[in-house]
There are 2 protein chains.
Amino acid sequence: MSENKNISIKDVAKHANVSTATVSHVINGTRFVSEDTKQKVMRAMDELNYRVNVVARSLRSRKSYVIAFLAPILASETSNHFFMSVAAGIQSVLKQNQYHLMLSDSHEEEEFEKEEIRMLGSQMIDGLIMAPSSRETDYEQLFGDYPVVYVDRVPNNSDRDSVVVDNRSVSKDAVEMLIRRGHKRIAYLSGPNTLTTTEERFAGYLEALSEAGLAEDKELVCTGEVSLDSGYKLTESLLAHKPTAIFATDNVMAMGAMMYMQENQIKVPDQVAVVAYDEFQWTRVTTPPLTVIEQPAFDLGVKAAEVMLERIDNADAPLSQHRLSGKLIVRQSC
Amino acid sequence: MSENKNISIKDVAKHANVSTATVSHVINGTRFVSEDTKQKVMRAMDELNYRVNVVARSLRSRKSYVIAFLAPILASETSNHFFMSVAAGIQSVLKQNQYHLMLSDSHEEEEFEKEEIRMLGSQMIDGLIMAPSSRETDYEQLFGDYPVVYVDRVPNNSDRDSVVVDNRSVSKDAVEMLIRRGHKRIAYLSGPNTLTTTEERFAGYLEALSEAGLAEDKELVCTGEVSLDSGYKLTESLLAHKPTAIFATDNVMAMGAMMYMQENQIKVPDQVAVVAYDEFQWTRVTTPPLTVIEQPAFDLGVKAAEVMLERIDNADAPLSQHRLSGKLIVRQSC
DNA sequence: ACAGCGTGCGTAAACGATTACTTAGCTTTA
DNA sequence: TAAAGCTAAGTAATCGTTTACGCACGCTGT
């Protein structure tokens, strides 16, 4: 039916007896066209089932109205949900401004990520919002000449716009709360310390301890792979050192911890209290429901997109760096 | 530093003292170029920090190497994870074939979805893989002249390629298992019956009952909004009719059910057994761990992408429709 | 010695839009 | 009535590639 092959603005122009310029201006509303002519053009477009070729358009206008979001969206259940919420925030802003969102996955691997950036090439996107998988990498040489906004994480020595969570501060809140409830042996369970986020969370943990006059006990600090199994095993070894509370900076690892304690009849929170990162619906249905730190994922995306659009508007505006607050949600696990 | 503004193949050609054709052929390996010339060109590209303009390329070659995936990826935690797994599958295949994945969200709303399809325009993508939010809609007129593959769901009267889950069959398995364990009053808890998937799951439920000589009890069939709260409330009213088991076709609703029973000290599985759709890591840490139906989400994506690439290769190949099997994972909740 | 062929590369026309510059025709103004 | 101005729309260059042709040169065989 709708044979759409190769119908160009030229065909429409011929069919409507006007010039291509006029057709273009009707489509874009970029200059006055008399009502009569406008009607003729519209009718022609309808009859030919014309569809604008966005590729040609962006070649000429040097605008694609596409913003890419590069993050470890497919890496795990946790980061998946977190970054998809960020994506939702981005999308909500972009949509209002007629921009498209292109999601790319970095797999949380540097090489994979670099390859994705290369594939974006030049001109395909008007901007890149990314959560870098490494803080050591020098990304600058890979980027095209579009603006870049970092979200959730920032590489070292970056002088780009950024929107992140105030991890240190909310982590400190969480640990302080545990201390207020009488805990003195608070374990730290986390993934490897390679991301700025993780580092900040650890800093918050230490700060709370130190301000309460508690010394850091190396035996209670435990980092490992981010996975359920890893969380399970690390919890097992942690418990040998008799913590009364566990502060887990990763959701999946917290699951492992909960699973271990459930299987070994360790009462939460009576024997061991638990506070973990990331609010999910399921954290309300564990036994007991989990006390968690909720990150403003959606807002992170909203802000990042807003910053991006402003940057596109004005390349010379001053650096725009933002830090959003997390929120402690107290439930029965502590 | 890396001033990349406006470096085109022409600049490279001039700088290397060759023609643009040669540069293009070096980049794409599309015809023999002597080692010497090749080196010259490469060096020039390096020195100028040349980056191919993918927009111009796809304008000319009529190929964008972008496949769009349109699904309700941001709609809820459940569909989010499910469709992101599908996306991961798609991505894994596309990447091997040098294609890009562009994720678009349909918000599970028809108008939103249509708008997204329109925005894709023509020529921007080489193909569209989608999970339609409605089976009634006539999407055909909206599509450009790219191939379309439906995944997970298929609209009525579609004669497009498709890849879906055999929902009826695995749902039947699950209910049969409950029956074998002696259950006779099995409740059905589900979202609204507007998707083919939901419909198929209900059919499987009914079929298992009927083959076991059990009559459908309307009081035990309960559909409502897909949300934790809704699951919670519907479970409350369901329990008035004394089911001994609940079959939940949605993950979030199952969470609501679990939460209600937990809060009201209803023992699972002793008083009420539970079987629910969708395997997540957290289903292993509830008390007790949940028996679930695992959908082959990743494989769904893989297959869909394969089908897409074949279709792109050969527009006239016969219709390619696939049905993948789900898997029942039995844990302590039943 | 020259027709014929293979090799390596250059020339220039697309692809389908946007848009700076013109232009034709009409109205106003002095 | 002629110059100036205004209105609506047309002409054609341009964005950066790909690719169908064509060409020059050197080698081969007779």
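We name chains A, B, ... by the order of the sequence lines, and we start the count at 1 in each one.
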Is A/Ser34 close enough to D/dA9 that one of its side-chain N or O atoms is under 4.0 Å from OP1 or OP2 there?
yes
Using whole Å, report how far NZ of B/Lys14 lies from P of D/dT17.
13 Å
Within the structure shown, what part of the strands sits under 4.0 Å from A/Val54 by heavy-atom distance: base, sugar-phosphate, or nothing?
nothing
Is NZ or CZ of B/Lys114 both nearer than 6.0 Å to the six-membered ring centre of B/Phe112 and within 45° of the ring axis?
no
Is there a side-chain polar atom (N or O) of A/Asn28 under 4.0 Å from OP1 or OP2 of C/dT18?
yes
I need the NZ-P distance between B/Lys38 and C/dT7, as an integer number of Å.
15 Å
With a non-hydrogen cut-off below 4.0 angstrom, is A/Val23 in contact with a base, only sugar-phosphate, or nothing?
nothing
Specify the separation, in whole Å, of atom NZ of B/Lys63 and atom P of D/dG16.
24 Å
Distance alone, cut at 3.5 Å: any donor-acceptor contact between the side chains of A/Arg57 and A/Asn28?
yes
Length of the CZ-P vector between A/Arg51 and C/dA17, whole Å
12 Å
For B/Ile9 and D/dC15, what is the distance between atoms CD1 and P respectively, to the nearest whole Å?
14 Å
Does D/dG10 have OP1 or OP2 sitting under 4.0 Å from an N or O in the side chain of A/Thr22?
yes
Among the nucleotides C/dC9, C/dG8, D/dT19, which one has an atom lying closest to any side-chain atom of B/Val33?
C/dC9
Closer than 4.0 Å, any side-chain N/O of A/Arg57 to the OP1 or OP2 of C/dT18?
yes
C/dT18 phosphate, OP1 or OP2: any side-chain N/O from A/Ser24 under 4.0 angstrom?
yes
Between A/Thr37 and D/dA9, is there a contact of a side-chain N or O with OP1 or OP2 at under 4.0 Å?
yes
For the residue pair B/Gln321 and B/Tyr150, confirm or rule out a side-chain donor-acceptor distance under 3.5 Å.
no
Calculate the interatomic distance between A/Arg60 atom CZ and C/dG16 atom C1'; express it in whole Å.
12 Å
To the nearest 0.5 Å, what is the distance between OH on A/Tyr50 and CE on A/Met42?
13.5 Å
In whole angstrom, what separates A/Asn53's CG from C/dA14's C1'?
14 Å
For B/Glu110 and B/Thr137, test the side chains for any donor-to-acceptor distance below 3.5 angstrom and give the result as yes or no.
yes
Indicate whether OP1 or OP2 belonging to C/dG10 is found under 4.0 Å from a side-chain N or O atom of B/Ser19.
yes
Calculate the interatomic distance between A/Asn17 atom CG and D/dG10 atom C1'; express it in whole Å.
12 Å
Regarding D/dA8, can its base be found pairing with the side chain of A/Arg31 as donor and acceptor, where the two atoms are less than 3.5 Å apart?
no
Under 4.0 angstrom, heavy atoms only, what part of the nucleic acid is B/Val55 near: base, sugar-phosphate, or nothing?
nothing
